[in-house]
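Structure first, commentary second.
Atoms considered below: every heavy atom in the structure, side chains included; atoms not considered: hydrogens, waters and symmetry mates. Quantities reported herein were computed from a predicted structural model and do not represent experimental measurements.
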Amino acid sequence: MKILMYAVLEPEKKYIQEWSAKTGVEVKCVAERLDANTVEWAKGFDGIDFQQTQPLEPVVYQKLHEYGIKQLTARMVGYDMIDFDLAKKYDLTVTNVPAYSPRAIAEMGLTQALRLVRKLGYYDQRMDKLDFRWAGLESTEIYNLTVGIIGAGHIGGATAQLYSALGAKVIAVDPIHRVELNPYLEYTDLDTLLQMADIVTIHTPLNESTANLFNSATFKKMKKTAYLINMARGGIVNAADLIAALQNQEIAGAALDTLADEGQFFEKQATPEEIPEDYKTLRAMPNVLISPHSAFYTDTAMKNMVAMGLDDVVAIVNGKRPQFEVYK
């Protein structure tokens with residue numbers, strides 16, 4: 001059996017080699033993402049594995065089908081780059097890796113929230129000007145705050161446990177109420193969460209119901225002292241409305257691991273011409289933190305996403321049911 005892995009990061013290679021040695025399955029790695037040009041490289045392989053946020057072009061589905069490939073395995077949580085109608089048309093089973101390391105993303109969200117709450121961005125800005133005064137930058141402590149979680153799945157649940165351990169009150173919105181999370185959070189409705197939360201942290205998929213969920217109307221419902229944390233998908237937050245809310249002091253700050261237009265420049269050495277205006281505006285604000293969709297990037301997460309994704313490729317190629325098939 002031969003598998004082609006797209007968009008392979010250098011640190012992933014040792015885990016791929018370990019998995020290949022253990023299973024006896026040949027794996028070829030390429031740094032390029034899966035697209036209309038690189039899909040031809042999959043000819044002659046039994047399966048493919050990829051990670052990216054850019055949408056797959058229609059020809060990708062057609063070509064994979066022509067090459068006899070039966071699956072699309074995204075070694076990541078999100079799968080909004082996949083057109084499920086085309087996947088069904090071309091008999092491609094879609095799998096993802098829904099929980100390679102919930103703690104990795106939860107810890108990044110907490111880290112960014114702590115930095116915002118302690119107003120370290122403002123201190124950095126002052127200290128760059130050799131101003132070492134504290135005036136106006138008094139902060140609070142996490143145990144005094146209410147944290148609102150949008151989406152209490154694997155990552156949201158891990159987030160709830162972290163904040164609860166620090167003494168914060170945690171509330172959450174999710175259509176599924178998981179009894180095992182009862183010690184760490186209370187479920188509520190969205191409007192109540194927005195009105196009560198000092199930190200609103202997003203951990204939900206991007207779909208029709210969540211696209212632009214955070215917009216001008218949403219921000220007006222939040223506390224003026226509240227912080228928004230987005231460790232999920234950029235399209236959940238309307239960037240223009242977020243900028244306006246920050247400029248109008250409708251919310252206190254934001255931490256963003258993802259942007260709706262990140263495909264233009266994240267995960268590469270960009271040129272000045274590729275940087276969109278919304279990024280430039282947000283990046284200049286002392287109360288905004290941006291990371292390049294890197295919350296997942298830990299050793300534990302890398303090892304798990306490699307193994308879990310490749311295991312599902314093997315299962316499908318062998319005619320078995322994968323562990324993490326995505327239904328839509």
Side-chain angles (χ1 to χ4, degrees), residues 76-78 96-118 139-207 209-210 213-214 218 221-223 225-233 236-237 251-258 289 291 295-305 307-308 323-324 326:
M76 55 196 299
V77 177
N96 71 335
V97 183
Y100 47 78
S101 181
R103 280 291 294 261
I105 298 169
E107 288 182 7
M108 173 68 103
L110 173 61
T111 299
Q112 300 290 57
L114 287 167
R115 182 172 172 81
L116 287 172
V117 168
R118 297 307 297 262
S139 57
T140 187
E141 297 167 32
I142 288 292
Y143 77 91
N144 292 321
L145 304 180
T146 296
V147 178
I149 296 176
I150 310 293
H154 295 293
I155 298 169
T159 299
Q161 293 182 48
L162 292 177
Y163 279 109
S164 178
L166 293 175
K169 175 180 175 62
V170 183
I171 56 179
V173 172
D174 195 291
I176 299 174
H177 291 195
R178 296 166 56 194
V179 66
E180 65 269 25
L181 293 180
N182 286 347
Y184 311 109
L185 59 77
E186 297 176 11
Y187 288 99
T188 186
D189 60 88
L190 180 59
D191 281 349
T192 300
L193 183 148
L194 294 172
Q195 292 166 14
M196 292 182 58
D198 301 292
I199 297 170
V200 177
T201 180
I202 304 171
H203 304 286
T204 187
L206 175 61
N207 52 42
S209 66
T210 62
L213 176 63
F214 281 81
T218 315
K221 295 178 181 179
M222 293 173 61
K223 292 181 177 181
T225 55
Y227 296 99
L228 177 70
I229 314 294
N230 186 10
M231 298 287 119
R233 279 290 186 267
I236 298 172
V237 178
I251 64 172
L256 311 168
D257 189 53
T258 179
L289 304 173
S291 48
F296 78 97
Y297 197 38
T298 68
D299 50 1
T300 299
M302 299 283 278
K303 181 176 182 178
N304 290 344
M305 69 169 54
M308 294 164 76
Q323 186 173 3
F324 302 113
V326 180

[X] [atom1] to [Y] [atom2] distance, which is reported to the nearest 0.5 Å:
X	Y	atom1	atom2	value
M222	D198	CE	CG	9.5 Å
I149	T188	CD1	OG1	12.5 Å
L289	L116	CG	CG	4.5 Å
E180	Q161	CD	CD	9.0 Å
T218	L194	OG1	CG	6.5 Å
T204	I150	OG1	CD1	8.5 Å

Any donor-acceptor pair under 3.5 Å from K223 side chain to A197 backbone: no
Taking side chain as C-beta onward, heavy atoms only, is [X] less than 4.5 Å from [Y]?
X	Y	value
H203	M231	yes
N230	F214	no
I199	I142	yes
V117	L114	no
L190	L213	yes
L110	I229	no

Can you sort out the partners of R118 under salt bridge (Lys or Arg N to Asp or Glu O under 4.0 Å), two or more places apart, ordered by chain and number? none
Atom of [X], atom of [Y] and distance for their closest heavy-atom approach:
X	Y	value
P98	H154	O-CD2, 3.9 Å
L206	T210	CA-OG1, 3.3 Å
G78	R233	CA-NH2, 3.0 Å
R178	A152	NH1-O, 3.1 Å
P183	V179	CD-O, 4.2 Å
D191	K221	OD1-NZ, 3.0 Å

Tell me, please, which residues at least two apart from A252 pass side-chain contact (heavy atoms from CB on, under 4.5 Å). Y227
Describe, in one word, how the ring planes of F296 and Y100 are oriented to each other, choosing from parallel (under 30°), tilted (30 to 60°) and perpendicular (over 60°). perpendicular
Heavy-atom count check: over 12 atoms from other residues, nucleotides or ligands less than 6.0 Å from R103 CZ? no
Candidate pair T146 and I171, rule side chain to side chain contact (heavy atoms under 4.5 Å, CB included), full reasoning: CA-CA 7 Å; T146 296; I171 56 179; 4.0 Å; yes
Report the C-alpha separation of I202 and L228 in whole Å, then their side-chain angles, then the decisive distance to 0.1 Å, and conclude whether the side chain to side chain contact (heavy atoms under 4.5 Å, CB included) test is met. CA-CA 8 Å; I202 304 171; L228 177 70; 3.8 Å; yes
Listing request: all side chain to side chain donor-acceptor pair (under 3.5 Å) pairs with a residue in residues 163-174, at least two apart in sequence or in separate chains. K169-E186
